Trainee: 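Sharing a structure with you now.
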2 protein chains.
Amino acid sequence: MRPLFHPPIEDVPPNAILHALSDPNRAAIFASIMGAGCVEACSALAAVGDRVIPKSSLSTHFKVLREAGLIRCERHGVEMRNHSRHAEVEARYPGLLSAIVRAYASSGCEGATSAGS
Amino acid sequence: MRPLFHPPIEDVPPNAILHALSDPNRAAIFASIMGAGCVEACSALAAVGDRVIPKSSLSTHFKVLREAGLIRCERHGVEMRNHSRHAEVEARYPGLLSAIVRAYASSGCEGATSAGS
DNA sequence: CCCATAGTTCAGGACTTCGGAACTGAAGAC
DNA sequence: GTCTTCAGTTCCGAAGTCCTGAACTATGGG
């Protein structure tokens, strides 16, 4: 497939990460990828709680997360594997991701429920 | 003046905080308030680096920060004192604010430079 | 009382995001 | 090899959000 652009983590400004995760849907997606051992298919995340997310929105969300350096996407056959780049982000911005995920988890919001394994 | 609404910190969802701080201008304002000993007047922050922020935008930014539970505003005479509620937020979402501020600082972005005073 | 200062509100335009429909690319059926 | 199906992307219009200048309100001083 065309070479999906993944920015080096040093080029990602903090506000891009905050923006990406300031959307509860994206936060839920990311928490799910991060919690589920760094691999998921897109369609597996088509629902956050009760709410069904349209495919197109989902695609956009993944694009935002990808461009924020939070995930790495590669095509495996017909579906997409999404690896969390959480270790890289952690190295670049120590404590940021864990604090955010913890914040969502402690708020009882749907943002990180699926990360609770 | 009318009783400016300050939400209790427990009522503030994490995404509101992330959203508030995902704007570099607001991040700079907040970093400045937090770094400068928790008191500032609005007009003292009318410029982020080279960029001049219009009063109306500034007012909106303060409102967003206030409604995200990040600052507490009270009128003293003709001007406004803005206290950082950073301790409360820290208690509610441990490590979140410090990680964000540190991220902005380490990125060399203008988000937290003014906190170095 | 009138003026100056600090901040808020409103309205119009620019920008972003959402979501359905159509499209592309890969795997399996025939 | 070709057709069908599945997974995801792109396109475009609708809806919402954000920015900002202009007008307004509130406070303090002369």
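Owing to the predicted nature of the structure, the values given are computational and were not obtained by experimental measurement. Sequence lines set the chain letters: A, B, ... in the order given, protein chains first and strands last, and positions in each chain run from 1. Scope of the values below: all heavy atoms of this structure, side chains included, with no hydrogens, waters or symmetry mates.
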Trainee: Side chain to side chain contact (heavy atoms under 4.5 Å, CB included) with A:P7: which residues, sequence neighbours excluded?
Mentor: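 A:P7 satisfies side chain to side chain contact (heavy atoms under 4.5 Å, CB included) with A:F5, A:V12, A:R85 only.
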
Trainee: If you check every side-chain atom of B:V78, which of D:dG28, C:dG19, D:dT9 has the closest atom?
Mentor: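 Nucleotide nearest to B:V78's side chain: D:dG28.
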
Trainee: For a quick test of reading the model, state the closest non-hydrogen atom pair linking A:I9 to A:G69 and the distance between them.
Mentor: CD1-O, 3.7 Å

Trainee: In whole angstrom, what separates B:I53's CD1 from C:dG7's P?
Mentor: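 For the pair B:I53 CD1 and C:dG7 P, the rounded distance is 13 Å.
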
Trainee: Can you measure A:F62 atom CZ to D:dG8 atom C1' for me and round it to whole angstrom units?
Mentor: 10 Å

Trainee: Using whole Å, what does the distance between atom C1' of nucleotide C:dT17 and atom CG of A:L58 come to?
Mentor: 14 Å

Trainee: To the nearest angstrom, how far is B:E67 atom CD from D:dC18 atom P?
Mentor: 11 Å

Trainee: Using atom CG of B:D23 as one end and atom C1' of D:dT17 as the other, report the distance to the nearest whole Å.
Mentor: 12 Å

Trainee: Quick one: are B:R92 and B:E10 in side-chain contact, heavy atoms under 4.5 Å?
Mentor: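 A side-chain contact under 4.5 Å exists here.
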
Trainee: Scan A:H76 against the nucleic acid and name what it touches under 4.0 Å (heavy atoms): base, sugar-phosphate only, or nothing.
Mentor: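 Touches nothing.
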
Trainee: From the options C:dG20, C:dT17, D:dT20, select the nucleotide whose nearest atom is closest to the side chain of A:P54.
Mentor: C:dG20

Trainee: The side chain of A:H61 is closest to which nucleotide in this list: C:dG7, D:dT20, C:dC18?
Mentor: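 Nearest to the side chain of A:H61 among the choices is C:dC18.
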
Trainee: Please confirm whether the backbone N or O of B:H19 pairs with a side-chain atom of B:S22, one donor and one acceptor, at under 3.5 Å?
Mentor: yes

Trainee: Rounding to an integer number of Å, can you tell me how far A:K63 NZ sits from D:dT10 P?
Mentor: 7 Å

Trainee: Distance check needed: D:dA26 C1' versus B:E74 CD, whole Å only.
Mentor: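 Taking CD of B:E74 and C1' of D:dA26, I get 17 Å after rounding.
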
Trainee: For C:dG7, does OP1 or OP2 lie under 4.0 Å from any side-chain N or O of B:S59?
Mentor: no

Trainee: Please tell me which of the listed nucleotides, D:dG8, C:dT8, C:dT17, lies nearest to the side chain of A:E79?
Mentor: D:dG8

Trainee: Does the side chain of A:S56 get closer than 4.0 angstrom to OP1 or OP2 of C:dG20 through an N or O atom?
Mentor: no

Trainee: Round to a whole Å and report the spacing from CE of A:M80 to P of C:dT24.
Mentor: 17 Å

